[in-house]
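Take a look at the structure below.
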Protein chains: 2
Amino acid sequence: MDHPVSRSRPARPRATLLSLSQTAGVSISTVSRALRGDTRISPATRRRISALAAEAGYAPDTLARTLLGGRSGLIGLVLGPMRNPFYPALLEELVAQAADRGLRLLILHAGEGSMEERTAQALLGYRVDGCIVTSAVLPSRVTAICAENAVPLVMVNRVARDHGTAVSCDNAEGGARLAGLLLAAGHRRFAVVGGHADTSTSQDRERGFATRLAEAGHGLACRFDGGSTREGGWAAGLRIAALPPEARPDAVFAVSDGMAMGLIDALRSAAIPVGMTEGISVVGFDGVATALHPPYELTTIVVPVPALVRRGLDLLLARVTEPDAPDELVTLRGELHPGRSARLPAMLEGA
Amino acid sequence: MDHPVSRSRPARPRATLLSLSQTAGVSISTVSRALRGDTRISPATRRRISALAAEAGYAPDTLARTLLGGRSGLIGLVLGPMRNPFYPALLEELVAQAADRGLRLLILHAGEGSMEERTAQALLGYRVDGCIVTSAVLPSRVTAICAENAVPLVMVNRVARDHGTAVSCDNAEGGARLAGLLLAAGHRRFAVVGGHADTSTSQDRERGFATRLAEAGHGLACRFDGGSTREGGWAAGLRIAALPPEARPDAVFAVSDGMAMGLIDALRSAAIPVGMTEGISVVGFDGVATALHPPYELTTIVVPVPALVRRGLDLLLARVTEPDAPDELVTLRGELHPGRSARLPAMLEGA
DNA sequence: ACGGGCCGCGCAAACCTTTGAACAAAACTC
DNA sequence: GAGTTTTGTTCAAAGGTTTGCGCGGCCCGT
C-alpha cells in the first residue's frame, strides 16, 4: 500500500549502444555504424539492428556525442520582452525552422530582467553551438561571453552598434517609405511615437522617417516616447488628443505595431477618428497579426519574419562551421501593408 | 588579406578540470572537490583554485556531469499557440523561475504544428529531467514518450483527461463565479464564446459558467465558437451584432481574454456599447495585461501565473527526485478583476 | 619512540558515443 | 594455390566530470 496506483512503470534502464549490442550479439561499434548507415556494415545486419533499436526506443545520447567534440545541436536563445507581440511570432517561427535543421533552442534569458551569472554558466556548460539574440537591451553580457569563447552569435531583428553579425529588416528604409507615402498623400504635420531609445530597431525606423521628411523640407511637429509598449502608445494618444485641434499632427508614425494599436485606441476613445477618410493617419511597423485585422487595419511595414529567421540561421550555422567568417549584416526589405488606418496616395488606394 | 578584421580571437581551448589542475599543480579530483566546496580540501587550496577557475572563465561541462547519471538541469518545454497572449506571459515567468532554481528550458515544440519524430529524439537524447506541457492540443506524443521512459511530466494550465500531474487555475469555479456575478447584476440573456473544444481549460470554464446558470434556472441564449483566437472573438461579435436587438444577449462570457477583446472590438465597431452602464456586458478569463487596460478594462478572472508556475515546478522537481509519486492535481483559485466591461452587483462597484 | 587516527589529496573507474586502426575471413587475380 | 583486395567486425582511445577508495604525512596519546 505504499504507492496507490503506480501505473505501468516500465522504467527500462534506457537503451544504449551497449545494451543493443548485447541483444544483437555484436560489438558496440557495429551497432553505432549500423545506425549511422555506414556501408561497411552489411545491409542485413543494418536492418536487423535498426529494427532492434526502434523496438527498444533507442535515442542516441546527444550528450555523449557532444563530448566527443561534435556539435551539441543546441542554440542559445536570448528573448526580448514577450509583451511585445512581435516576439512570440518570431519565437514560433524560430522553433519551427530550427527543428527543421535538427537544432534545439535552449532559452538563456527572456524578458527585461538583468542577465545573471548563471547565464554564462549555461552558455558554456551546455556547449551551445551558437547564440541567437533578439533583444539588444541587455546583451552585453552574452555578447562578451560569446566573443571570449568563440561562440558564434547572430542578432535577429537587431543590429549591433559597432560590430557583430546580424539580420534585420531594413528599418530605415521602411521608415522612409512610410514618410514618403504620408507626404505623397498630402500630410503636413507629423508626429512620431518612439520606442526604446537604446534599440537599433527603433532608432533606425525613426531616423529613416525623419530623414525622409527632412529631405522634403518637413520636420516633426512633435515626438513622444512610447517605450515600445502598448500602454506607451495609449499614453501618447491621450497626449495628442489633449492638444488643441490645430496643434494636432495629421499623421503619426508609431515605430512598432503594439504602440500603434494603443495609440489608435486612445485617439478613438477621445472621439478622434483614425483612418483613410478622415481624422488622423496612423502608421506602424512590424506587421503583427492583430494589427492587420479590424478594428485596426493598420498601415504598416510587415517584417518578413520567416525570411529573417531563415537568414539568421544561415548566418549562424555558417559561423559554426567557419568561425573566422567576417561579420556580416543582412538587411531584408519589409513589405508595405496598406491598411485603412492612414490616408495613402491615390496610386495605392486600388491595391 | 584573408580575413579583413578578425577581431581579438583568443579562442582559448576551454578551461577544464584538467587544465586547471595542471596550472594549479594538483590532481583533477582535487580541483573538482575544491570547486564543489568539499570540506576535505583545505580552505587555502579551495580559495586558490576558485580564483584560478574564475580567472580562466571555467564553467563545468554539464554534459559530462550529466553523463555520470546526474541530472541535466534541462526541462523540456512544449508551448501552446503563441498568438494567444497568455502564453508569452507564462513563458516569461517560467524562464525566470526555472533560472532561479538552476534549471534551463529546452524548447521541444511550439505552436500547433504536428509533433515530429525528432521531438522524441531530443527529449531522450538531451536527457531532460522533466517536461512541462502548456498545450494540450497535441500532447499525446510527448506524453507517451515521457511515460515510457519514466520522464516526469507536468501540465501547466491544462488538465489531463484521465491521468497525469497538472496544475491549473480553477476554471470551472471561475466560470461559475462570473456567472453568479452576472446573475446578481440582473443579466438574463447569456451567451458564451467558446475556445478549442478539445482543451480542458476552455471546457471547464464554459461548463462552470453554464452549470451555475442552470442552477439559477437559466440557460444559454446562444453559443459561438471562437476558436481561442482574437479573430474568432471578432467574428462572434459580428454575429451577435447582426442579431435583432431583442434577440441579443445582455451578457457574454468569452472563455479567454483574447477572444473577449476581439468580441468587444466587433461590438463597438457595430455601435453596440459594451460596459458597466449600458449595452452588453462582456467578461473574459485569463487576465492578460492588454485586456486589463483601456480601452477594454475587461472584467475577468486573473489566472495567478506566478503561483501556477511555482507549483508546476514544485510538482515537477518532486517527481524528479521521487519518480513514483502519485499523480497530483493542483487547482489554484483565480482572482476576479472587476473591470468596466460589465455591469456587476452593487456590492462590487465600490471595490 | 611508536602506533592510531585524521587530514589532505591522488588514482582510477564509470557514463556513452564516435572513429581510426587493426584483424579475420572471404572473394578475387593470375 | 599464393598473394591481394574487399568485406564485416572488433579494439581501444578520447572527451570532462564525479566519487569510492586508498595512500601518504602529521598530530597526539601513551
Side-chain angles (χ1 to χ4, degrees), chain A residues 12-50 52-53 56-74 121-129 149, chain B residues 12-50 52-53 56-74 102 121-122 124-129 149:
Chain A
R12 50 180 176 190
R14 181 186 173 85
T16 158
L17 285 186
L18 177 63
S19 72
L20 286 180
S21 72
Q22 286 168 342
T23 61
V26 295
S27 79
I28 292 181
S29 30
T30 298
V31 178
S32 173
R33 282 193 242 265
L35 292 178
R36 316 195 91 232
D38 193 313
T39 56
R40 288 183 296 179
I41 307 297
S42 72
T45 309
R46 255 185 286 168
R47 270 195 302 275
R48 188 167 61 93
I49 293 182
S50 292
L52 242 55
Y58 172 76
D61 191 324
T62 315
L63 281 53
R65 175 182 295 172
T66 305
L67 204 55
L68 264 294
R71 303 220 283 271
S72 66
L74 248 32
Q121 301 285 320
L123 205 162
L124 274 61
Y126 287 106
R127 293 214 191 176
V128 298
D129 293 335
N149 297 82
Chain B
R12 52 178 174 192
R14 183 186 172 85
T16 158
L17 283 187
L18 178 62
S19 73
L20 285 181
S21 73
Q22 286 168 343
T23 62
V26 295
S27 79
I28 294 180
S29 31
T30 299
V31 177
S32 172
R33 282 193 249 261
L35 293 178
R36 316 197 91 232
D38 193 313
T39 57
R40 287 183 297 177
I41 308 297
S42 73
T45 309
R46 256 185 285 169
R47 270 194 303 275
R48 187 166 60 95
I49 293 182
S50 293
L52 244 54
Y58 171 77
D61 191 325
T62 316
L63 281 53
R65 175 182 295 172
T66 306
L67 204 54
L68 264 295
R71 303 220 283 270
S72 66
L74 247 33
Q121 300 286 319
L124 274 60
Y126 289 105
R127 293 212 192 179
V128 299
D129 293 336
N149 295 83

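The sequence lines fix the lettering, A, B, ..., with proteins before strands; numbering per chain opens at 1.
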Task: Distance in angstrom units between B:I41 CD1 and D:dT19 C1', rounded - done: 12 Å
Open item on the list: Using a strict heavy-atom distance below 4.0 Å, which residues from residues 24-32 of chain B are in contact with DNA chain C?
Closed with: B:V26, B:S27, B:S29, B:T30
TODO: Please tell me which of the listed nucleotides, C:dC9, C:dT19, C:dC11, lies nearest to the side chain of B:R33?
DONE: C:dC11
Open item on the list: Rounded to whole Å, please give me the gap between CG in A:L20 and C1' in C:dT17.
Closed with: 12 Å
Open item on the list: Distance alone, cut at 3.5 Å: any donor-acceptor contact between the side chains of B:T16 and B:S19?
Closed with: no
Open item on the list: What is the distance, to the nearest angstrom, from the CZ atom on B:R40 to the C1' atom on C:dG10?
Closed with: 11 Å
- [ ] Take the protein atom CZ of B:R48 and the nucleotide atom P of C:dG8, then report the distance between them rounded to whole Å.
- [x] 14 Å
Task: Donor-acceptor pair between B:S27 and B:T30 side chains, under 3.5 angstrom - done: yes
Enumerate all atom pairs, one protein N or O and one N or O from nucleotides 13-16 of chain C, separated by less than 3.5 Å.
none

TODO: Starting from C1' on C:dC9, measure out to CG on B:D38 and report it in whole angstrom.
DONE: 10 Å
- [ ] Could you tell me whether the side chain of A:L74 reaches within less than 4.5 Å of the side chain of A:T62, counting heavy atoms only?
- [x] no
- [ ] May I have the distance from A:Q121 (atom CD) to D:dT17 (atom P), rounded to whole angstrom?
- [x] 12 Å
Task: Electrostatic pair B:R40-B:D38, nearest N-O below 4.0 angstrom - done: yes
- [ ] Rounded to the nearest angstrom, tell me the gap between atom CZ in B:R36 and atom C1' in C:dC9.
- [x] 17 Å
TODO: Using whole Å, report how far CG of A:L63 lies from C1' of D:dG16.
DONE: 12 Å
TODO: Find out whether A:R33 and A:R46 are in side-chain contact, i.e. whether some heavy atom of one side chain is under 4.5 Å from a heavy atom of the other.
DONE: no
Open item on the list: Assess, by modelled atom type and distance only, whether the side chains of B:S42 and B:T45 contain a donor and an acceptor separated by less than 3.5 Å.
Closed with: yes
